[in-house]
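Order of the sequence lines sets the chain letters (A, B, ...), proteins ahead of strands, with each chain counted from 1. Computed over heavy atoms, backbone and side chain alike; hydrogens, waters and symmetry mates excluded.
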Amino acid sequence: MSVKLTVISEIEQIAEQHQKTLAPLTDDSILMNTGLDSLCFAVLVARLEDRLGVDPFSESDDISLPVTLADFVRVYENAAR
Amino acid sequence: MLHAEAARLRHYLDRPHSEDRFFLGANSSVAFADLRGGTSLGGRLHELAGRSVLLATHDQLAAALALIELDGVARRIVLCPPDLAAGHLSEIAANSEADAIVSDRGAADFAALGISLYIEADAIIRPATVQTGNRPTTWSLLTSGTTGAPKLVSHDIASLSAPIKRGARAPVWGTFYDIRRYGGLQIFFRALIGGGSLILSSCGETVADHLQRLTKHEVTHLSGTPSHWRRALMSPAIRAIRPGYVRLSGEIADQAILDNLRAFFAHASVGHAYASTEAGVGFEVDDGLAGFPAKLLAVGQGDVDIKIEGGSLRLRSARTASGYMGRDAPALLDADGFVDTGDMVELRGDRYHFVGRKGGIINVGGQKVHPEEVEAAINRHPAVWASLVRARKNPITGAVVAADVVLKDTSIQGDGMAAQTEREIIELCRQNIAPHKVPAVIRFVPTLNVSDSGKLLRHGRA
């Protein structure tokens with residue numbers, strides 16, 4: 001599964017578990033407007049660390065925080081290289 | 001000295017320019033001057049004289065207005081945050097000997113408490129003959145829940161206002177906190193006593209909408225926890241605000257978040273404060289570095305004595321609470337009058353750094369989690385044999401809950417059955433414990449380490 005599909009599948013699963021109504025996800029989706037709260041994002045980063053073997057946000061201090069879904073996926077794609 | 005600050009809150013409405021100073025809520029705003037000649041409690045304040053009042057409004061502006069009216073009139077104000085679990089309310093009411101309710105939620109919400117006096121709080125002011133009082137009022141704050149009901153911590157105007165210095169400027173304060181929590185209440189006092197206005201957040205409001213209001217009202221001083229700030233920094237709407245002062249408190253401010261904020265708000269001063277509901281504001285650190293200078297221990301800061309005992313930070317000052325209240329309330333102060341914050345620190349070079357909570361409590365975005373409570377929830381699943389819950393470092397909330405689980409049938413590790421069991425455990429936890437306590441990740445392991453005394457071996461604990 002690609003990084004992007006992994007991210008989206010985890011987002012959907014977390015939204016369901018946290019009973020959040022998820023906005024349609026596109027590359028341009030603003031993360032803060034997807035319907036997930038900060039606890040959901042915290043869970044997302046933790047699960048992606050297990051799935052992808054990397055937590056790019058903790059491994060480097062100088063990563064700028066992503067705004068869109070595409071930004072977010074890119075941070076993981078770059079970290080996985 | 002506290003004599004001037006110990007005046008009743010109403011006193012601060014009489015300051016110059018109070019017609020130009022506001023509480024700015026999500027749906028309405030109130031000028032401080034309006035409250036001088038009116039009431040948000042339908043003119044029923046006199047009924048609350050000498051009462052122990054549960055203040056449990058949904059709307060934060062309604063709470064702010066009621067606080068000013070109640071101070072000096074009520075015997076006690078119990079500040080209930082909006083997310084307080086209904087199940088805890090009766091214990092809090094009993095422990096605080098509450099005999100009145102002020103809320104905007106309707107009396108029916110509180111029927112189970114058997115308290116007959118209910119007064120509606122509004123977020124608008126109606127003209128009325130103003131009642132004042134000069135009774136000492138206890139302000140009871142709730143600590144964020146661990147197991148069981150939150151603890152009630154007693155303050156008064158003197159302890160709450162002790163950290164505040166009056167400035168010449170009139171800042172426009174904003175905070176990501178709710179003012180019913182210590183961190184937010186400090187900002188409420190800063191705005192009222194320090195001569196500014198306050199932009200209140202609203203539960204249910206999106207981060208983007210809140211940031212837009214902060215922009216519209218030209219926030220100059222903005223406070224929140226590191227988790228609040230990380231969330232805000234992920235919203236494009238933050239680009240429009242131009243605060244001169246950025247403040248962090250309530251959680252460990254690590255170097256990454258301090259650097260991020262400094263880079264983002266190049267013209268702002270970025271400071272982090274150490275404070276807790278029990279100990280009050282301990283100190284403020286403005287040099288842009290995580291932790292605090294070791295020399296604070298010798299010299300203190302702003303009348304606060306600081307010491308470290310057994311690795312745990314202890315504070316003594318006029319800002320500390322007077323104690324816990326309720327049945328079986330533990331002692332707050334040690335023999336020398338210090339509050340043990342339970343925050344563990346470590347000396348590295350000439351600075352102390354925060355390393356975690358005494359006793360291994362997990363802090364998820366400022367909310368406390370006892371590992372044992374989560375383990376108990378997990379262990380209720382019929383397929384689970386044992387579990388160990390620990391913190392996993394997290395860039396969003398500081399930490400999340402991670403669980404190592406031993407299944408009764410260890411042969412189902414790592415297959416489709418395991419994934420199904422994992423979903424069931426998470427669902428079971430969601431039904432029984434608060435969302436931040438539900439494990440973010442679960443790992444199935446063959447065994448857990450047990451100490452000689454027969455207890456699960458936790459990191460850093462025998």
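Comparing A/Glu49, A/Gln13, A/Arg47 by how many heavy-atom pairs each has under 4.5 Å with chain B, the most go to A/Arg47. Contacts with chain A were tallied for B/Gly398, B/Ala440, B/Ala237; B/Ala440 has the most, counting heavy-atom pairs under 4.5 Å.
Salt-bridge formation is not detected for the pair A/Asp55/B/Arg392: no Lys NZ or Arg NE/NH1/NH2 atom is positioned less than 4.0 Å from an Asp or Glu carboxylate oxygen.
Using a 4.5 Å cut-off between heavy atoms, A/Asp37 makes no contact with chain B at all. If you measure heavy-atom distances from B/Val438 to chain A, you find no contacts under 4.5 Å at all.
When side chains are defined from C-beta on, B/Arg239 counts as touching A/Val67, because their heavy atoms get closer than 4.5 Å. Side-chain contact between A/Ile30 and B/Ser235: absent, with no pair of heavy atoms (C-beta onward) separated by less than 4.5 Å.
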*Test side-chain contact (heavy atoms from CB on, under 4.5 Å) on B/Ile396 and A/Val45 and set out the steps.*
CA-CA 8 Å; B/Ile396 314 287; A/Val45 171; 4.2 Å; yes
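When all heavy atoms of B/Met234 and A/Met32 are compared, the pair lying nearest together is O-CG, 3.5 Å. Considering all non-hydrogen atoms of both residues, A/Leu39 and B/Thr397 come closest at CA-CG2, 4.5 Å. Between B/Val400 and A/Ala46, the shortest heavy-atom distance links the atoms CG2-CB, 4.0 Å.
To the nearest 0.5 Å, the span separating NE2 on A/His18 from CZ on B/Arg430 amounts to 5.0 Å.
Other residues, nucleotides and ligands place no more than 12 heavy atoms under 6.0 Å from the NE2 atom of B/His58. When the shell of 6.0 Å around CD of B/Glu424 is examined, it contains more than 12 heavy atoms from other residues, nucleotides or ligands.
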